[in-house]
Participant: 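The structure is given below, and queries will be raised subsequently.
Reckoned from all heavy atoms, side chains included, excluding hydrogens, waters and symmetry mates. Keep in mind that this is a model prediction, so the values were computed, not measured.
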Amino acid sequence: MQFTSYQKRAGAWALIAAIMALTLWLLAPVLTPFVVAAVLAYALNPVVNWLDRVGRGRLPRLLAVILVELTFILAVLSVLLLIIPILAKEMPLLREQVPILLDSLNNSAKPLLAQFGIKLSLDVDNVKGFVLKYLNANFEDAFASVLSSLKLGGSVAFAIIGNAVLIPVALFYLLMDWDRFVGKVLELVPPRLRGACDSFANEADEVLGQYLRGQLLVMLILSVFYSIGLALFGLDLALPIGIFTGLAIFVPYVGFGLGLVLATLAGLLEFASTVGPFKAVAMVAVVYGSGQVVESLFLTPRFVGERIGLHPLAVIFALLAFGQLFGFVGVLIALPASAVLLVALRRGRDGYMASKLYQG
């Protein structure tokens, strides 16, 4: 059987694509910090270029890169540091309120379960003693426990610390030479395809820009929404928890989950001794339930999905599919990568509709 030159080229490209996909899959753990750094470099490079233009050549690119990266790192640390005032206030309350919460739970659960013929025998005093033993542990004991955990999970701790160091380093070098790297990649494109490649890159760049702007708008709206919602229920830590939840939404599922846990804990500790735990449960159900509905059904589809042309179902599928294939990093890059794939599919569809194969 003889193969045409077109079939040979198609087979060669398919083989190259399969080898690249297998390589990426095998090297996924190693590539993770570089992929994250590349995504960040793509998002931050326009800011560096803007500083170059504003400085009119008098501001070295090295200084512009340092300023942008330091600002970004400080912004990330500021979001993480929002947890500190939450923990600083909740730990003393936790020691005070745990006995009250356990008594309340025991008194409420026993008659409720008795209606279904279930007898609950809970030794509240022993449970209190067990919990308070760890909550009242001194700093040395806690520090020793952390060190022990790090020894047990040394590979995980090493990976986290390694990525925390490697990502900023990789980001620095990518920002310094981003335009040169992009130019080297474009040189590999055959001259006859250069126009189509440039057009595709410009369209993908525009779509990704719309995605970033839409995501920032969603984060801002949700920060205000959660802060106001928690404040209306009288939660003292409404502002830091609301802002943290809204900004952490950038990481799908994880940000919402952390905010939900913090709000539930803060509400239980603050309201347990006054109006009981029901108010905390109602607060979390109303604020976070409505927030999730607003985000999933309106904000993300309207300001992110529609801007990049993705249907709401496609947004959900992209998050699940990329998360399954690439884990945590896949969730981060799901929507941007889907936006680029959408541009490719649009162009492929247009080419097919205009081809003789379709028109007969």
Side-chain angles (χ1 to χ4, degrees), residues 31-55 58-86 159-182 204-224 227 239-256 258-259 300 303-304 307-308 322 326-337 339-340:
L31 292 175
T32 295
F34 296 97
V35 171
V36 174
V39 172
L40 294 175
Y42 173 82
L44 297 177
N45 186 62
V47 183
V48 176
N49 291 338
W50 177 77
L51 288 176
D52 279 342
R53 291 194 300 271
V54 171
R58 293 189 296 270
L59 181 67
R61 185 171 181 87
L62 173 63
L63 182 58
V65 169
I66 292 175
L67 287 174
V68 171
E69 185 164 357
L70 284 179
T71 302
F72 174 76
I73 292 174
L74 288 175
V76 173
L77 290 177
S78 298
V79 175
L80 296 177
L81 290 175
L82 285 172
I83 300 178
I84 292 180
I86 299 172
I160 294 174
I161 296 172
N163 287 336
V165 174
L166 187 55
I167 289 174
V169 173
L171 176 60
F172 172 80
Y173 284 110
L174 286 172
L175 286 175
M176 283 294 298
D177 298 315
W178 181 261
D179 294 332
R180 186 168 66 87
F181 288 149
V182 173
D205 186 66
E206 181 181 353
V207 170
L208 288 174
Q210 292 175 346
Y211 161 77
L212 289 175
R213 288 189 292 271
Q215 189 65 53
L216 289 173
L217 185 58
V218 170
M219 291 161 59
L220 177 62
I221 293 173
L222 288 177
S223 295
V224 175
S227 297
L239 188 61
I241 293 178
I243 293 176
F244 175 82
T245 305
L247 297 181
I249 289 295
F250 187 79
V251 184
Y253 306 125
V254 177
F256 176 82
L258 286 176
T300 296
F303 295 113
V304 178
R307 290 192 176 201
I308 61 179
F322 277 84
F326 304 107
F328 177 72
V329 176
V331 174
L332 284 177
I333 66 172
L335 293 183
V340 176

Participant: Please tell me if the side chains of V47 and F72 come closer than 4.5 Å, counting only heavy atoms from C-beta onward.
Facilitator: no
Participant: Got a second to check how far L44's CG is from T71's OG1, nearest 0.5 Å?
Facilitator: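 One gets 9.5 Å once the value is rounded to the nearest 0.5 Å.
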Participant: Under the criterion side chain to side chain contact (heavy atoms under 4.5 Å, CB included), I'd like the reasoning laid out for N49 against D179: C-alpha separation, chi angles, the key distance, then a yes or no.
Facilitator: CA-CA 10 Å; N49 291 338; D179 294 332; 3.9 Å; yes
Participant: Kindly compute the distance separating CD1 (I249) from CE (M219), expressed to the nearest 0.5 Å.
Facilitator: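 Answer rounded to 0.5 Å: 9.0 Å.
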Participant: Do any N or O atoms from the side chain of R61 and from the backbone of D177 form a donor-acceptor pair under 3.5 angstrom?
Facilitator: no
Participant: Run the side-chain contact (heavy atoms from CB on, under 4.5 Å) test against V182 and tell me which residues pass, sequence neighbours left out.
Facilitator: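 Residues passing side-chain contact (heavy atoms from CB on, under 4.5 Å) with V182: W178, L186.
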Participant: How long is the gap from CG on L175 to CD on E69, to the nearest 0.5 Å?
Facilitator: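 Taking CG in L175 and CD in E69, the distance rounds to 6.5 Å.
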Participant: Looking at L239 and S227, what are the two nearest heavy atoms and their distance?
Facilitator: O-OG, 3.7 Å
Participant: For A41 and L174, which heavy atoms make the closest approach, and how far apart are they?
Facilitator: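 Looking at all heavy atoms of both residues, the closest pair is CB-CB, 3.8 Å.
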Participant: Considering the options L70, D52, V48, L51, which one meets the side-chain contact (heavy atoms from CB on, under 4.5 Å) requirement together with V65?
Facilitator: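 For V65, the side-chain contact (heavy atoms from CB on, under 4.5 Å) test succeeds with only one of L70, D52, V48, L51, which is V48.
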Participant: Using every non-hydrogen atom in the two residues, find where I243 and S223 come nearest and quote the distance to one decimal.
Facilitator: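 For I243 versus S223, the nearest heavy atoms are O-OG, 3.6 Å.
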Participant: Taking all atoms of both residues into account, what is the closest heavy-atom pair of M176 and L62, and its distance?
Facilitator: SD-CA, 3.7 Å
Participant: Drop me the distance from I73's CD1 to L40's CG, to the nearest 0.5 angstrom.
Facilitator: 10.0 Å
Participant: Looking only at non-hydrogen atoms, find the nearest pair between A43 and P46 and report the distance.
Facilitator: O-CD, 3.4 Å
Participant: Apply side chain to side chain contact (heavy atoms under 4.5 Å, CB included) to residues L258 and T245 and explain how you reach the verdict.
Facilitator: CA-CA 7 Å; L258 286 176; T245 305; over 6 Å; no
Participant: Does atom CZ of F181 have more than 12 heavy-atom neighbours from other groups under 6.0 Å away?
Facilitator: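 Yes, enclosed.
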Participant: Show the numbers, then the answer: is there a side chain to side chain contact (heavy atoms under 4.5 Å, CB included) between F34 and L166?
Facilitator: CA-CA 8 Å; F34 296 97; L166 187 55; 4.1 Å; yes
